[in-house]
Engineer: 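Shown below is the structure under consideration.
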Amino acid sequence: WTETQVSASLISGRSLKAAVCRAVREDALCMSSPPACPSARTKVANSRATFPRLAGQRAVAAVAADGNMLPTYSLHDTHIRHGVAWAGGSARPVVATGLIHGLSRWGGSGNAHGGGVLKKLLSAVVVAAVLLPLWFLASDRMGTGEVWPPGLDGGRRMLKPTPEDLPAAALTNLVLVAGHAVYTGVDFHEAVKESSWFLEDYQKIPGEAQSFLDHIQLGVETASRDPSALLLFSGGQTRRAAGPRSEGLSYWVVAEAAGWFNTTGVRERTFTEEHARDSFENLLFGLCRFYELTGHYPDNIVIISYTLKQERFMTLHREAVRFPLEHFDFVGSPVPLLAKGAEEGEARTVAAFKESPYGCTGELLQKRLRRDPFAVGPIHPSRCPEMRALLTHCAPYMFEGKVPWQ
């Protein structure tokens, strides 16, 4: 219905759904046996003042609650409501019972056979125009067994940018720095101070801030030795008290304040990934982000993190995404000397990832939820369509589908 509302009284006490369904039945009856058309369809139940005239109105569509659509077409300046139309300037009712009767004005009445053919043809065209887009949309979503909110699934994917439009199309390797904290200080030149970072209780030890700075510097220097490398600082908005600031952006700004550690040409090749909530998502979302920036997936990957986490990245996470070992490397720095319980904590995390390789169940899932206080959520599969199945895989066994880097 158009924006002009129809009160329940105009439908003789029937509900909107009942009235529209009745129109459908009467249309079918009129098509099969014109003399049997209910006379009530041609009666004007209300005065012209009840139905305000809409100048230039061409079509009105009524959608029943069960999903049926009943467009009514008019070539003249008329107003149509529930099968009754007034010709412009006239109080004479014009019968327009739904799609078929509306189209009969196009088909003409001079030749009954020719008009019937034309009506059927126009009906088929209208139905196809309505249903085909819905079919394509439904088949695209149901093909993966997933339903995504409207407007989210096709935006980036349908852009199909050319290499000239991508910010890093020429880069082929990935240097990934896994973030561990959010910078909350005012002066980014003071990154070496623990007070400049939002730290969990187990991180509040001397040397913790320096370890973050070491990772940033290792990433910059590693990328500087490889002109084809893209440097990615990875980490989401993981701490509510720190505000909606991400770990990835924190590391980038610290590198900027440090002058990129006297390297050249790295700043232009450095980007952020701001969705990851744990080490596995650092790698998984890093691969997706690399594709988004370059239009392809990396040939080689170097991970920058604590040496303590080397087995976690090199074995568990790499195998979970099925990236070739010969193209995967790790560069680490030690945890601070006063980091008590670090080895025991890492052992528990490794055991948890062995039970849930994709971190989507149990305590690992709860940790992700706690590290997403601003409801940013995971990276959306439409940003890297070839990774859709991997991004949505959640099982205690390894993903066996196709991955784009193999």
Side-chain angles (χ1 to χ4, degrees), residues 131-176 178 228-237 246 248 269 271-301 303 317-324 327-328 357-360 365 368 372 375-395 397-406:
L131 295 182
L132 278 177
L134 298 176
W135 181 81
F136 280 116
L137 178 62
S139 62
D140 177 63
R141 292 181 179 178
M142 290 188 294
T144 60
E146 302 163 13
V147 178
W148 298 100
L152 290 180
D153 194 19
R156 294 173 180 265
R157 186 176 52 188
M158 292 177 65
L159 292 177
K160 298 185 183 300
T162 62
E164 292 76 17
D165 298 324
L166 295 167
L171 304 180
T172 58
N173 299 325
L174 171 62
V175 176
L176 177 68
S228 62
L230 181 152
L231 175 59
L232 193 66
F233 293 125
S234 172
Q237 301 172 10
S246 72
R269 296 185 279 123
F271 302 88
T272 63
E273 181 286 309
E274 301 180 58
H275 288 264
R277 299 162 292 183
D278 59 31
S279 56
F280 176 68
E281 288 189 340
N282 287 138
L283 176 57
L284 183 67
F285 296 168
L287 284 163
C288 182
R289 183 70 172 132
F290 186 94
Y291 171 84
E292 191 173 35
L293 293 166
T294 67
H296 53 265
Y297 292 94
D299 295 335
N300 301 282
I301 298 177
I303 301 292
H317 298 342
R318 182 194 60 77
E319 290 179 352
V321 300
R322 292 172 46 203
F323 204 88
H327 297 284
F328 199 92
Y358 299 91
C360 55
L365 173 60
R368 284 181 183 174
D372 191 13
V376 176
I379 202 166
H380 197 275
S382 65
R383 299 171 69 167
C384 43
E386 293 176 289
M387 288 182 61
R388 176 185 291 271
L390 177 60
L391 284 166
T392 57
H393 180 73
C394 178
Y397 52 84
M398 291 297 177
F399 176 73
E400 297 179 353
K402 182 180 179 181
V403 290
W405 40 87
Q406 287 190 337

Engineer: Would you check if Pro385 and Tyr291 make a side-chain contact, meaning some heavy-atom pair closer than 4.5 Å?
Structural biologist: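 Pro385 reaches Tyr291 side chain to side chain.
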
Engineer: Counting only N and O atoms by type, is there a donor-acceptor contact under 3.5 Å from the side chain of Thr272 to the main-chain atoms of Glu274?
Structural biologist: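 Judged by distance alone, no pair lies under 3.5 Å.
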
Engineer: The test is side-chain contact (heavy atoms from CB on, under 4.5 Å); show your working for Leu283 and Ser234 and say whether it passes.
Structural biologist: CA-CA 9 Å; Leu283 176 57; Ser234 172; over 6 Å; no

Engineer: Do Ser246 and Phe233 pass the side-chain contact (heavy atoms from CB on, under 4.5 Å) test, and can you show the C-alpha distance, the side-chain angles, and the key distance before you say yes or no?
Structural biologist: CA-CA 10 Å; Ser246 72; Phe233 293 125; over 6 Å; no

Engineer: Can you name the closest pair of heavy atoms from Cys384 and Tyr297 and give their distance?
Structural biologist: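 That would be CB-OH, 3.4 Å.
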
Engineer: Check whether any side-chain N or O of Gln406 sits under 3.5 Å from a backbone N or O of Arg322 as a donor-acceptor pair, and report yes or no.
Structural biologist: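 Yes, Gln406 side chain to Arg322 backbone: donor-acceptor pair under 3.5 Å.
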
Engineer: Looking at OG1 of Thr392 and CZ of Phe399, how far apart are the two atoms once the value is rounded to the nearest 0.5 Å?
Structural biologist: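 Result: 7.5 Å between the selected atoms.
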
Engineer: Within the distance-only criterion (no hydrogens, no angle test), does the side chain of Arg277 pair as donor or acceptor with the backbone N or O of Gly236 below 3.5 angstrom?
Structural biologist: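 Looks like no, no N/O pair under 3.5 Å.
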
Engineer: How about Arg269 and Leu230: do any of their side-chain heavy atoms sit closer than 4.5 Å?
Structural biologist: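 No, every pair of side-chain atoms sits at 4.5 Å or beyond.
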
Engineer: Work out which heavy atom in Ala276 is nearest to a heavy atom in Asn282; give both atom names and the distance.
Structural biologist: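 Heavy atoms of Ala276 and Asn282 come nearest at CB-ND2, 3.3 Å.
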
Engineer: Could you grab the distance from atom CD1 of Ile303 to atom OG of Ser279, nearest 0.5 Å is fine?
Structural biologist: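 Here the interatomic distance stands at 9.5 Å.
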
Engineer: Would you say the side-chain atoms of Asn173 pair up with the backbone N or O of Ser228, donor to acceptor, closer than 3.5 Å?
Structural biologist: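 Judged by distance alone, no pair lies under 3.5 Å.
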
Engineer: Tyr358 vs His393, test: ring pair (Phe, Tyr, Trp, His ring centres under 6.0 Å). Steps then yes/no.
Structural biologist: CA-CA 8 Å; Tyr358 299 91; His393 180 73; 4.7 Å; yes

Engineer: Is a side-chain N or O of His296 found less than 3.5 angstrom from the main chain of Leu171, in a donor-acceptor match?
Structural biologist: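 A pair under 3.5 Å: yes.
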
Engineer: For residues Pro404 and Met387, determine if any side-chain heavy atom of one lies less than 4.5 Å from a side-chain heavy atom of the other.
Structural biologist: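 Contact flag for Pro404/Met387 side chains = yes.
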
Engineer: Answer whether the closest heavy-atom distance between the side chains of Arg289 and Phe285 falls below 4.5 Å.
Structural biologist: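 When only atoms from C-beta onward are counted, Phe285 and Arg289 do not touch, as no gap falls below 4.5 Å.
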
Engineer: Can you measure from CD (Gln237) to NE2 (His275) and round to the nearest 0.5 angstrom?
Structural biologist: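 These two atoms lie 8.5 Å from each other.
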
Engineer: Mark yes or no for whether Glu292, through its side chain, and Gly295, through its backbone, hold a donor-acceptor pair below 3.5 Å.
Structural biologist: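 Not a single qualifying donor-acceptor pair exists.
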
Engineer: If you compare all heavy atoms of Met398 against all heavy atoms of Pro357, which two are closest, and at what distance to 0.1 Å?
Structural biologist: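 Heavy atoms of Met398 and Pro357 come nearest at CE-CB, 4.1 Å.
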
Engineer: What closest approach, in Å, do Phe323 and Pro298 show between heavy atoms, and which atom pair accounts for it?
Structural biologist: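 Residues Phe323 and Pro298, closest heavy atoms: CZ-O, 3.5 Å.
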
Engineer: Could you go step by step and tell me if Leu390 and Val403 meet the side-chain contact (heavy atoms from CB on, under 4.5 Å) rule?
Structural biologist: CA-CA 8 Å; Leu390 177 60; Val403 290; 4.3 Å; yes

Engineer: With rounding to the nearest 0.5 angstrom, report the CG to CD distance, Leu287 to Glu273.
Structural biologist: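 Interatomic distance, Leu287 CG to Glu273 CD, rounded to 0.5 Å: 10.5 Å.
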
Engineer: So, taking the atom named CG in Leu232 and the one named CZ in Phe271, what distance separates them when rounded to the nearest 0.5 Å?
Structural biologist: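 Rounded to the nearest 0.5 Å, the CG-CZ separation comes to 9.0 Å.
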
Engineer: Flag the pair Ile379 / Leu391 as yes when at least one side-chain heavy-atom distance between them is below 4.5 Å, and no otherwise.
Structural biologist: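 Of all side-chain heavy-atom pairs linking Leu391 with Ile379, at least one is under 4.5 Å.
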
Engineer: Just how far is it from atom CG of Leu174 to atom NE2 of His327, taken to the nearest 0.5 Å?
Structural biologist: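 One finds 14.0 Å between CG of Leu174 and NE2 of His327.
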
Engineer: Given side chains that start at C-beta, do those of Val321 and Phe280 come closer than 4.5 Å, heavy atoms only?
Structural biologist: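 Yes, side chains in contact.
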
